[in-house]
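A quick write-up on the structure given underneath.
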Amino acid sequence: MMIAPMNVSIFQGSRCRINTLAHLWSGNLHSWTRRYSTTSKLHDSKIPGIDGGNTKKWTRRPITTKTEGSIETPQRSKPSSIRHEVLDETVSASSTLNIGKTEITQFQKLQYCDVQRESYEKLASLLTIIVFDIETTGFSRESERIIEIALQVLRGGKNSTFQTLVNPNKSVENERIHGIKTNMVNRPDVPRMKDLIPILLQYVSSHQIPGGKVLLVAHNARTFDVPFLISEFSRSSIEIPSDWLFVDTLPLARELVKMEGSTLLKAKLEHLIDHYEIIREGDAHRAMSDVKGLALIFQRLTFDLKLSVLDILEKSFSASDLINQKKKKSSG
DNA sequence: GGCCCTCTTTAGGGCCTT
């Protein structure tokens, strides 16, 4: 963990800057720590899975989810009972919040940072970061539909990943992109979006820290994933919770492309995966494969760009931000 | 469709998502 003073912030005047978000999660850390042990903090992490430690345990099981009375949002829905897949990934989070004694001592010497550190730690401790991705039948959020969605909670722990196919109630014409065929999703046992939304809300809520916010991360989130979610939620007459914030990794990748000395030429997800030498788990353009890749990319990007949690929050936006932005443009 | 860049801003084209 690197700590250095910083002078500018829209949140508060001066503050401490913590140049990595890695301490907020553990689920993926081991995957790139092996390749990118460039910091002593990461090098010293005792993470299950490294060097013959515990390995990730994956089990696939059908579940029945009941949402009645369990969603803390105003948009309560009828109880639903849908079979879908949850991939259990058991990953210890114990290493991520540990700070070495030396680091604490050095930190404590920065007297002027104490108040800011307290605020930072409070903010960080209340934040749940979730990487997500959707596959769709095309680019238009008006005429096309979501056919797959995947999420990964970066903090790790039980049920840290979620994925499901979605019944679009229309044919899939772009199978060549993701390999998802019409007969894979147009089935009665595949949930439609209106059935899935209450489950999604419950899943996110179950990982949300009381009083905290959720930070949902996606590549090209601002102009693709989030507008698609807004449209799908709207069709189901459900609002996206106001405590969901979104971060788009595309502008972050573009910052890295522009950075002096950077070898990243394009901001596409595939270029980022190549750039960081990430080994894919599964096929490209399948939601969970892209989520797992992006989870690693997000960690590397925030490290390379020296972004703290506050920096990321400054770049975040809400669903209502996009809706209001669109209304302004329409009226203007 | 929004963002970004430039041979620009009274515009146009490329990128990025499926």
Side-chain angles (χ1 to χ4, degrees), chain A residues 130-152 163-182 184-186 190 193 196 216-235 240 245-260 262-276 278 280 282-295 297-298 301 305 314-332:
Chain A
I130 300 176
V131 177
F132 78 103
D133 185 50
I134 58 173
E135 302 302 321
T136 70
T137 55
F139 290 125
S140 169
R141 57 182 177 269
E142 307 299 332
S143 58
E144 307 297 348
R145 295 291 182 270
I146 292 174
I147 50 174
E148 188 176 42
I149 188 163
L151 301 89
Q152 179 174 13
Q163 74 172 114
T164 184
L165 291 172
V166 183
N167 187 339
N169 202 28
K170 74 192 292 286
S171 62
V172 180
E173 306 292 345
N174 59 347
E175 174 196 334
R176 71 188 185 286
I177 301 296
H178 37 58
I180 300 172
K181 301 174 182 176
T182 301
M184 291 169 63
V185 289
N186 275 321
V190 174
M193 202 60 201
L196 181 63
L216 289 141
V217 181
H219 201 59
N220 206 11
R222 182 177 288 275
T223 60
F224 185 74
D225 300 76
V226 179
F228 242 105
L229 281 184
I230 290 171
S231 295
E232 295 280 19
F233 272 64
S234 175
R235 276 191 281 272
I240 292 178
L245 298 174
F246 297 93
V247 167
D248 190 346
T249 51
L250 178 58
L252 302 184
R254 284 176 170 153
E255 277 186 48
L256 188 60
V257 169
K258 286 188 293 183
M259 186 182 280
E260 194 176 344
S262 172
T263 55
L264 180 66
L265 299 177
K266 291 190 175 184
K268 288 181 72 168
L269 190 64
E270 284 307 310
H271 280 79
L272 287 161
I273 283 176
D274 290 343
H275 178 71
Y276 288 128
I278 291 167
R280 269 194 179 277
D283 298 328
H285 288 299
R286 287 303 298 264
M288 184 50 80
S289 175
D290 285 355
V291 160
K292 293 214 168 259
L294 185 61
I297 288 165
F298 183 57
L301 270 177
L305 295 172
E314 286 176 27
K315 296 173 184 293
S316 71
F317 56 92
S318 65
S320 59
D321 288 339
L322 293 192
I323 293 167
N324 293 334
Q325 194 178 34
K326 193 179 178 184
K327 280 181 184 171
K328 268 188 179 178
K329 288 196 174 181
S330 299
S331 62

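Since we're looking at a predicted model, the values are computed, not measured. Keep in mind that the numbers below use all heavy atoms, side chains included, and drop hydrogens, waters and symmetry copies. Chain letters run A, B, ... following the sequence lines, proteins first and then strands; every chain starts at 1.
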- What does A/D290 touch in the nucleic acid at a heavy-atom separation under 4.0 angstrom: a base, only the sugar-phosphate, or nothing?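 Sugar-phosphate contact only - A/D290 comes under 4.0 Å of backbone atoms but never of a base.
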Would you indicate what A/I147 reaches in the nucleic acid, counting non-hydrogen atoms under 4.0 angstrom: base, sugar-phosphate, or nothing?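 A/I147: no heavy atom of the nucleic acid under 4.0 Å.
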Discussion item. Show the nearest heavy-atom pair for residues A/N167 and A/N169, with the distance to one decimal.
Written reply: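 That closest heavy-atom pairing would be OD1-N, 2.9 Å.
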Check: Looking at A/E255 and A/K315, what are the two nearest heavy atoms and their distance?
Finding: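 For A/E255 versus A/K315, the nearest heavy atoms are OE2-NZ, 3.0 Å.
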Rounded distance in Å - [atom1] ([X]) to [atom2] ([N]):
X	N	atom1	atom2	answer
A/Q325	B/dG2	CD	C1'	8 Å
A/I149	B/dT17	CD1	C1'	14 Å
A/I177	B/dC16	CD1	P	15 Å
A/L265	B/dC15	CG	P	12 Å
A/H178	B/dT17	NE2	P	14 Å
A/R286	B/dT17	CZ	P	18 Å

request  = Could you work out the separation of B/dC3 and B/dC7 based on their P atoms and round it to a whole Å?
outcome  =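 Those two atoms are separated by 22 Å.
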**OP:** Report the residue (A/D225 or A/P251) whose heavy-atom-nearest nucleotide on DNA chain B is the more 5′ of the two.
**Re:**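 Final value for this comparison: A/P251.
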Next item on the list: Report the distance from atom CG of A/L250 to atom OG1 of A/T223, rounding to the nearest 0.5 Å.
Entry: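 If we round to the nearest 0.5 Å, A/L250:CG and A/T223:OG1 are 7.0 Å apart.
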Under 3.5 Å, is there an N or O donor on one side and an acceptor on the other linking the side chain of [X] and the base of [N]?
X	N	result
A/T223	B/dG1	yes
A/N174	B/dT18	yes
A/R222	B/dC3	no

| query | Taking the side chain of A/K258 as heavy atoms from C-beta outward, which of B/dC3, B/dT17, B/dC5 is closest to it? | reply |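 My answer, after comparing the listed nucleotides, is B/dC5.
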